[in-house]
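The next block holds one structure in the form of C-alpha cells; read it before the comments.
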Amino acid sequence: MSIDLSDLQELFTARHSCRAFLPEPVPREVIEGILTCAQKVPSWCNAQPWKVTITSGTETDRLRQALMEAAHSSDHSPDLAFPSAYENEYQARRRTCGWALYQAVGVPKGDRAASERQMMENFALFGAPHCAILSTPVELGGYGAMDCGGFVAAFTLAAQAAGVATIPQAAVASYAPLLHDMLDIPQNRQILCAISFGYGDPDHPANSFRTSRADLPEFAEWRG
C-alpha cells in the first residue's frame, strides 16, 4: 500500500485534542500497536529517551482522584519548568483556543466558577479510561525533551489512525512529585507530560470545536 502526502494530511487534520471520553477501555493490543508505531520516530543519536507509564481501570481512577485532590490543595511543582510567559502571537493563539473551548461548553466570559470547573477537567483526565505519563532521563536535558515531543506527536497520530482519541496534557505534569510517588517513576527521570486517551465522546460539546493553525508565512522563512 502506498501512502502519499494527502493521506498524511488527512490524518493530521482529523487529529484533535479530545476533552471528553467514553468510559470504554481500549484493548491492550490496540495500545501496544500505537506504542510500537510511535516509537519509530527519530531521536538524537537514536537514544529513544521516552518511557511511558500507562494506567488503566482502577489505576486510572486512583490517579484521577489523587490529581483532583492535589489540584485543590497543593502548589504546582513540575519537573520541567513551565513557560515564563506567552506573548504576542503565542498569547493570542492561546486565548483563542481557550475561548473557543469555553464557548463550546457554555462558559461565559467572566464566570470564574464555571471556568474553574472546566479547568478541573484536566485533572479528571477528561474522563479518559487511560493515561500515559511520559518521562525522559534528567541528564539528557533539552534534547531528551525534544525527542519526547516527537514521540507525543507520533503517539497521538498513531492513536488517531487506530480510532483512539487523545489529549496531551502539561497540566498533569505540574504535580510531578505525586506522579513520581504514585507510579514509581524514578527521580532521575524528568516527567514531561501526560497523554489521556480512549474513545472520544462525539456528542459532548467540548469535542465540537477545532483549533486553527498559522498560515505558512507566519512560521516559515525562506533563504535562497
Side-chain angles (χ1 to χ4, degrees), residues 16-26 31 50-83 86 94-95 97-108 110-136 145 148-149 151-152 155-156 159 164-185 187 189-201 203-209 211:
H16 68 281
S17 290
C18 178
R19 292 178 173 85
F21 292 86
L22 299 172
E24 179 186 354
V26 179
I31 300 174
W50 47 80
K51 282 192 178 179
V52 285
T53 303
I54 299 171
T55 68
S56 301
T58 58
E59 281 299 295
T60 301
D61 291 336
R62 190 169 75 96
L63 176 61
R64 193 185 341 263
Q65 184 62 37
L67 285 167
M68 292 181 71
E69 290 175 2
H72 282 300
S73 61
S74 304
D75 292 331
H76 296 290
S77 184
D79 284 346
L80 181 68
F82 281 179
Y86 285 88
R94 187 169 185 254
R95 285 176 172 167
C97 176
W99 286 123
L101 170 61
Y102 286 169
Q103 184 175 27
V105 298
V107 175
D111 190 337
R112 294 194 175 186
S115 62
E116 174 76 11
R117 285 194 298 272
Q118 181 59 42
M119 183 275 294
M120 286 298 295
E121 286 296 312
N122 280 282
F123 306 108
L125 308 176
F126 298 103
H130 305 281
C131 186
I133 305 299
L134 185 69
S135 67
T136 180
C148 288
F151 182 87
V152 170
F155 184 100
T156 61
V164 175
T166 60
I167 181 167
Q169 294 181 261
V172 171
S174 66
Y175 295 102
L178 181 153
L179 299 174
H180 281 287
D181 183 55
M182 281 193 67
L183 302 175
D184 295 322
I185 299 173
Q187 293 297 326
R189 298 197 63 82
Q190 189 175 52
I191 293 173
L192 299 175
C193 71
I195 307 173
S196 292
F197 66 99
Y199 297 111
D201 182 351
D203 298 322
H204 196 286
N207 290 330
S208 66
F209 82 100
T211 55

Who passes side chain to side chain donor-acceptor pair (under 3.5 Å) against Ser135, sequence neighbours left out?
Arg189
Applying ring pair (Phe, Tyr, Trp, His ring centres under 6.0 Å) to His180 and not counting sequence neighbours gives none
With side chains defined as the heavy atoms from C-beta onward, is the minimum distance between Val107 and Leu101 less than 4.5 Å?
no
If I take atom CG from residue Asn207 and atom CZ from residue Phe21, how far apart are they, to the nearest 0.5 angstrom?
7.5 Å
With sequence neighbours excluded, residues passing side chain to side chain donor-acceptor pair (under 3.5 Å) with His204:
none
Distance, nearest 0.5 Å, that separates CZ of Phe126 from CZ of Arg19
6.0 Å
Taking only residues two or more places apart in sequence or in another chain, which ones pass side chain to side chain contact (heavy atoms under 4.5 Å, CB included) with Ala173?
Ile191
Using every non-hydrogen atom in the two residues, find where Val152 and Cys193 come nearest and quote the distance to one decimal.
CG2-SG, 3.9 Å
Are Val172 and Leu67 side-chain neighbours, meaning at least one heavy-atom pair lies under 4.5 Å?
yes
Against Ile133, only a single residue in Ile185, Val52, Ile54 fulfils side-chain contact (heavy atoms from CB on, under 4.5 Å); can you say which?
Ile185
Side chains of Pro129 and Pro23: closer than 4.5 Å at any heavy-atom pair?
no
Under the ring pair (Phe, Tyr, Trp, His ring centres under 6.0 Å) test, residues paired with Tyr199 that sit two or more places apart
none
Residues passing the side chain to side chain donor-acceptor pair (under 3.5 Å) test with Arg95, sequence neighbours excluded, are none
How many angstroms lie between CG in Leu179 and SG in Cys131, if you round to the nearest 0.5 Å?
8.0 Å
Side-chain donor/acceptor of Asp79 to backbone N/O of Ala176, under 3.5 Å:
no
Can you list the residues that meet the side chain to side chain contact (heavy atoms under 4.5 Å, CB included) rule with Thr60, with sequence neighbours excluded?
Thr55, Arg64, Leu125
Expected list for residues 69-76: side-chain donor-acceptor pairs under 3.5 angstrom, two or more places apart:
unit_1	atom_1	unit_2	atom_2	d
Glu69	OE2	Gln65	NE2	3.0
Ser73	OG	Glu69	O	2.8
His76	ND1	Ser174	OG	3.0

To the nearest 0.5 Å, tell me how far Leu178 CG sits from Ser77 OG.
10.5 Å
Closest approach of Ser17 to Ile167 (non-hydrogen atoms, all atoms of both residues)
CB-CG1, 3.8 Å
Set of side chain to side chain donor-acceptor pair (under 3.5 Å) partners for Thr136, sequence neighbours left out
none
What side-chain donor-acceptor pairs closer than 3.5 Å can you find for residues 114-122, not counting sequence neighbours?
unit_1	atom_1	unit_2	atom_2	d
Ser115	OG	Asp111	O	3.3
Ser115	OG	Arg112	O	2.9
Asn122	ND2	Met119	O	2.9

Point-to-point distance, once rounded to the nearest 0.5 Å, from CD1 of Ile195 to CD of Gln169
9.5 Å
Kindly assign one of parallel, tilted or perpendicular to the pair Tyr102 and Trp99, based on the angle between their ring planes and the thresholds 30° and 60°.
perpendicular
If every non-hydrogen atom of His130 is compared with every non-hydrogen atom of Val26, which pair is closest and at what distance?
NE2-N, 2.9 Å
Qualifying residues under side chain to side chain contact (heavy atoms under 4.5 Å, CB included), relative to Ser208, sequence neighbours excluded
Ala104
Side chain to side chain contact (heavy atoms under 4.5 Å, CB included) against Leu80, all qualifying residues, sequence neighbours excluded
Gln190, Leu192
